[in-house]
Amino acid sequence: MKKYGKKVVAMTIAAVLCLGALTACGSEDTTEATTEAETTTEEVTTEEETTEEATVADATEDEASADEASATGGELSDNDVTIEVNADTSKGTWYVDATTFTVYFYNVASKDDAYSNSPRIQVCLADQENFDYYVEKQENVVDIENKTIGGVDLQGKTYSYVGMEWTEYYGKISGDEYIRIQISDVDIADGTDGANILDTMTIEVK
C-alpha cells in the first residue's frame, strides 16, 4: 500500500503540473490570438479610413472639376482696363465665345448654331465714345429697374435694334470704361436658365 500510495501522489502531482502547463500555454495562445485579432482590426479600420479619405478627396476633385468646367467666360480689354467675366453655364444649353471686347453666352447647343440673331447674353467693354455709338439707333427705349450683376450696380433699359428686342444693363466699370450686358431672346425671369447666367456672373477688374 505504501508503494501504491507514493505512485498515486506522484501521478497526481504530475497531472497538476501538466494541467498548469496546458493552462499557461492556452493563455499564451489566447493572448496571441487576441493581439493578432486586434492588429487585424486596426489594419482593416486604417484601410477603411484611407479608402474613405481617398473617396472624399476624389469627390472634392470631381466637384472642383465640374465647377471649373461650368464656370466659363472670357477676358475683355480696352485701353488700360481689363476685366474677366465668367458665369455658370451648367443649367441649360450654352455655347460661349469671346473676343477682345465681348463675351457671348449663346443660348444654343454648339458653335454651329450661333448666328448674329441667335438668342444670347453678351457682355461688352467699351470707352465712352464707343459705348454711345449705337445709342441713337436704338428704338422704343424704355428705362427699367437697375440690377446688380457681378457686384456692379447697373442701369437698365429695353429697346429695339437691328430687328431684335433687347434688354440691357449698363454702367461705368472703371475710369472711362463702361460695361454693358445685353440680352436678346433669352428669358431672364427668376428661376430660368437665363437668370442663372446673370445671378452667377462674376465681373473682376484686373
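Here the structure is a predicted model, which means the values were calculated and not measured.
Between N130 and D127, the side chains place a donor N or O and an acceptor N or O closer than 3.5 Å (distance only, hydrogens not considered).
Side-chain contact check for N107 versus D193: every heavy-atom pair is 4.5 Å or farther apart. The shortest distance between side-chain heavy atoms of M201 and V123 falls below 4.5 Å. L198 is listed as a side-chain neighbour of K147, based on a closest heavy-atom distance under 4.5 Å. The shortest distance between side-chain heavy atoms of Y115 and V108 does not fall below 4.5 Å. With contacts defined as side-chain heavy-atom distances shorter than 4.5 Å, the pair E177/I83 does not qualify.
Cluster membership for I183 and M164, using ILVMFWY side-chain heavy atoms within less than 4.5 angstrom, is not shared. There is no path of hydrophobic side-chain contacts, each under 4.5 Å, that joins V186 to V162. When the side chains of ILVMFWY residues are joined at heavy-atom separations under 4.5 Å, either directly or via intervening members, Y178 and Y134 end up in two distinct hydrophobic clusters. Hydrophobic cluster membership is shared by V205 and I179, with clusters built from Ile, Leu, Val, Met, Phe, Trp and Tyr side chains linked at under 4.5 angstrom. Residues V152 and I121 are members of one and the same hydrophobic cluster, defined by side-chain heavy-atom contacts under 4.5 angstrom among Ile, Leu, Val, Met, Phe, Trp and Tyr.
Between N140 atom CG and E165 atom CD the span is 7.0 Å, to the nearest 0.5 Å. Between D185 atom CG and D187 atom CG the span is 10.0 Å, to the nearest 0.5 Å. Expressed to the nearest 0.5 Å, how far CD1 of I188 lies from CG of N196 amounts to 12.5 Å. With rounding to the nearest 0.5 angstrom, the CD atom of E145 is 12.0 Å from the CG atom of D143. Of the inter-residue distances, the one linking R180 atom CZ with W166 atom CH2 reads 10.0 Å to the nearest 0.5 angstrom. In this structure, CD on E84 lies 7.0 Å from OG1 on T202, to the nearest 0.5 angstrom.
Remark: N117 CG is packed, more than 12 non-hydrogen atoms of other residues, nucleotides or ligands lying under 6.0 Å away. Counting non-hydrogen atoms of neighbouring residues, nucleotides and ligands closer than 6.0 angstrom, the CG atom of D80 reaches no more than 12 such neighbours.
Between the side chain of S184 and the main chain of P119, no donor-acceptor pair closer than 3.5 Å is present. Counting only distance, with no hydrogens or angles, the side chain of T102 and the backbone of T99 share no donor-acceptor pair below 3.5 Å. Using a distance-only test at 3.5 Å, with no hydrogens or angles considered, no donor-acceptor pair links the side chain of D97 to the main chain of F105. Side-chain atoms of T158 do not come within 3.5 Å of backbone N or O of I144 as any donor-acceptor pair.
Taking the six-membered ring where the residue is Trp, Y95 and Y106 present parallel rings, their angle staying beneath 30° rather than reaching 60°. Note: Y161 and Y159 have perpendicular aromatic rings, judged against thresholds of 30 and 60 degrees for the angle between ring planes.
A189 and A195 get closest at one heavy-atom pair: O-CB, 3.2 Å. Contact detail for F101 and D78: the closest heavy-atom pair is CE2-OD1, 3.4 Å. A pairwise comparison of heavy atoms in I197 and A87 identifies O-CB, 3.7 Å as the closest pair. Listed here is the closest heavy atom pair of S77 and T82: OG-OG1, 3.0 Å. G73 and A98 make their closest contact through O-CB, 4.4 Å (heavy atoms, listed as atom of the first residue, atom of the second, distance).
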